[in-house]
Novice: 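I am attaching a structure below and will ask some questions about it afterwards.
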Number of protein chains: 2
Amino acid sequence: MAHSDQYIDKLRKSGLRPTKQRIKICEVLFDAEKTFHFTIKELVKIIENQANIKVSLATVYNTVHAFIKKGYLKEIPLNASQSYYDTNVTHHHHFFDEEENKLIDIHQDDVDEVNIKRTIPGKKIRSVEVIAKIVSDNQSQK
Amino acid sequence: MAHSDQYIDKLRKSGLRPTKQRIKICEVLFDAEKTFHFTIKELVKIIENQANIKVSLATVYNTVHAFIKKGYLKEIPLNASQSYYDTNVTHHHHFFDEEENKLIDIHQDDVDEVNIKRTIPGKKIRSVEVIAKIVSDNQSQK
DNA sequence: CAACAGTTTAGAATAAATATAATGTATTAT
DNA sequence: ATAATACATTATATTTATTCTAAACTGTTG
């Protein structure tokens with residue numbers, strides 16, 4: 001299976017041995033037709049539904065964090081009670097629907113490049129994220 | 001005292017009675033020469049150091065949230081273990097130093113207006129935040 | 001097959017944020 | 001003012017996401 005090899009490669013490059021559990025996590029994350037947003041809880045639920053193997057919370061957390069460090073996943077900055085992650089690591093931004101607690105992609109084409117004309121001495125920019133919080137538009141505004 | 005009156009006004013407009021504790025919170029938040037970023041824990045510590053009155057965690061949380069709802073404070077979207085707040089509610093963005101866990105303002109003038117050319121039906125944009133994560137620049141990059 | 005390095009897991013620990021309920025204080029109507 | 005009422009404060013308990021731990025497990029290597 002070609003896919004499986006890719007997962008083993010991703011895991012190895014992240015400093016992790018390719019185990020059953022970790023490959024299952026890869027399948028869920030990287031096999032999907034579309035990229036998607038998820039919380040750890042949701043990811044565990046998807047695995048439970050799809051798989052005949054059990055994966056513990058700790059393993060999911062560890063694997064997700066290793067992938068983030070390596071750049072195979074992205075964490076989206078939000079002040080929600082849980083952390084949100086994205087399988088789409090290409091440069092793009094997000095709407096966050098505060099009522100539904102849902103993330104929606106904003107394609108790169110739909111926002112001008114954010115150009116920051118200021119630097120901090122001794123520091124470099126690692127990432128730039130735009131978060132546009134949205135709520136229902138009831139026409140009238142109190 | 002003119003300041004005190006402003007605080008009472010802010011509290012009333014936020015639907016809160018002006019009590020000793022809440023006025024103390026206002027003093028710390030709105031009396032400062034410069035705007036600043038804070039976590040709840042830090043705010044409580046500042047109050048403890050400055051004040052002869054005790055303020056419980058619950059009161060601080062409640063008051064801060066009422067002010068955010070009213071627009072007197074801003075919460076900054078970050079995936080940190082604690083929430084970060086800003087007394088500067090004018091339109092501006094942030095660097096987040098991931099090593100120091102510190103926020104640094106990016107003035108409005110230092111970023112072009114973020115223009116999102118896409119809307120979500122039935123929704124309106126409530127806020128747009130730019131977060132630029134920064135790390136030490138060691139010249140060499142592995 | 002023994003030894004070792006790395007894994008998985010359940011459950012414990014941690015810590016931020018929220019809820020609770022008893023006590024205290026400000027406001028209102030009298 | 002004073003009593004009655006509505007709202008506040010507080011210490012403590014609860015909740016929940018995340019991290020930690022230590023024991024059992026797996027797979028690889030000599």
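In what follows, chains are A, B, ... by sequence order, proteins preceding strands, each numbered from 1.
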Novice: Taking CZ from A:R22 and C1' from C:dT7, how many angstroms apart are they, rounded to a whole number?
Specialist: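 Taking CZ of A:R22 and C1' of C:dT7, I get 6 Å after rounding.
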
Novice: Think B:S81 has a side-chain N or O under 4.0 angstrom from the OP1 or OP2 of D:dA17?
Specialist: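 So the side chain of B:S81 is outside the cut-off, no N or O lying under 4.0 Å from OP1 or OP2 of D:dA17.
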
Novice: B:K117 pairs by salt bridge (Lys or Arg N to Asp or Glu O under 4.0 Å) with which of A:D110, A:D112, A:D109?
Specialist: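 When A:D110, A:D112, A:D109 are each tested with B:K117, the salt bridge (Lys or Arg N to Asp or Glu O under 4.0 Å) holds only for A:D112.
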
Novice: Between atom OH in B:Y84 and atom P in C:dA16, what is the gap in whole Å?
Specialist: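 So the OH-P distance, B:Y84 to C:dA16, works out to 10 Å.
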
Novice: Closest-nucleotide mapping onto DNA chain C: is B:A58 or A:K54 further toward the 5' terminus? I mean the 5' end.
Specialist: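 Of the two residues, A:K54 wins.
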
Novice: Using 30° and 60° as the class boundaries, would you call the ring planes of A:H93 and A:H91 parallel, tilted or perpendicular?
Specialist: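 Plane angle over 60°, so perpendicular.
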
Novice: Any side-chain heavy atom of B:T19 sitting closer than 4.5 Å to one from B:R22?
Specialist: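 When only atoms from C-beta onward are counted, B:R22 and B:T19 do touch, with a gap below 4.5 Å.
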
Novice: Considering only C:dT8, D:dA11, D:dT9, which nucleotide approaches the side chain of B:T59 most closely?
Specialist: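 Nearest listed nucleotide: D:dT9.
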
Novice: Looking at A:Q21, does any N or O in its side chain come under 4.0 Å of the phosphate oxygens OP1/OP2 on D:dT26?
Specialist: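 Indeed not, no polar side-chain atom of A:Q21 lies that close.
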
Novice: Would you please confirm or rule out a distance under 4.0 Å between OP1 or OP2 of D:dC7 and any side-chain N or O of B:T19?
Specialist: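 So the side-chain polar atoms of B:T19 never come under 4.0 Å of the phosphate oxygens OP1 or OP2 of D:dC7.
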
Novice: With the side chain of B:I40 defined as its heavy atoms from C-beta on, choose the nearest nucleotide among C:dT9, D:dA11, C:dA17.
Specialist: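 The answer is C:dA17, which lies nearest to the side chain.
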
Novice: What's the NZ-P distance between B:K45 and C:dA16, to the nearest Å?
Specialist: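 Rounded to whole Å, this separation is 11 Å.
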
Novice: Using atom NZ of A:K24 as one end and atom C1' of C:dT7 as the other, report the distance to the nearest whole Å.
Specialist: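 Going from A:K24 (NZ) to C:dT7 (C1'), I get 19 Å.
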
Novice: Taking 4.0 Å as the cut-off, does a side-chain nitrogen or oxygen of B:Y61 come that near to OP1 or OP2 on C:dT18?
Specialist: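 No, outside the criterion.
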
Novice: Below 4.0 angstrom from OP1 or OP2 of D:dT19, is there any side-chain N or O of A:H65?
Specialist: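 Yes, A:H65 has a side-chain N/O under 4.0 Å of OP1/OP2 on D:dT19.
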
Novice: Does D:dA17 have OP1 or OP2 under 4.0 Å away from a side-chain N or O of A:K41?
Specialist: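 A:K41 to D:dA17 OP1/OP2: side-chain N or O found under 4.0 Å.
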
Novice: Can you tell me if B:R12 touches the phosphate of D:dC7, counting only side-chain N or O atoms and a distance under 4.0 Å to OP1 or OP2?
Specialist: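 Answer is no, no contact under 4.0 Å.
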
Novice: For D:dA17, take OP1 and OP2 only and decide whether either is under 4.0 Å from a side-chain N or O of A:S83.
Specialist: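 The answer is no; no side-chain N or O of A:S83 sits under 4.0 Å from OP1 or OP2.
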
Novice: Hey, what's the ring geometry for A:Y72 with A:F67, parallel, tilted or perpendicular (30° and 60° as the breaks)?
Specialist: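 Rings of A:Y72 and A:F67: perpendicular, as their planes differ by over 60°.
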
Novice: Whole-Å distance between D:dA17 P and A:N79 CG?
Specialist: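 Nearest whole value for this atom pair: 16 Å.
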
Novice: Mapping A:G15 and B:K20 onto DNA chain C by nearest heavy atom, which one lands closer to the 5' end?
Specialist: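 Checking each residue's closest nucleotide, the 5'-ward one belongs to A:G15.
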
Novice: Measure the distance from CG on A:N62 to C1' on D:dT19 and round it to the nearest whole Å.
Specialist: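 About 9 Å, once rounded to whole Å.
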
Novice: I need the CD1-C1' distance between B:I53 and C:dT25, as an integer number of Å.
Specialist: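 Atom CD1 in B:I53 sits about 14 Å away from atom C1' in C:dT25.
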
Novice: Rounded to the Å, how far apart are B:L16 CG and D:dT9 C1'?
Specialist: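 Whole-Å distance recorded here is 13 Å.
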
Novice: Please verify the inter-ring angle class for B:F36 with B:F38; under 30° counts as parallel, over 60° as perpendicular, anything in between as tilted.
Specialist: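 Tilted, since the angle between the ring planes falls between 30° and 60°.
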
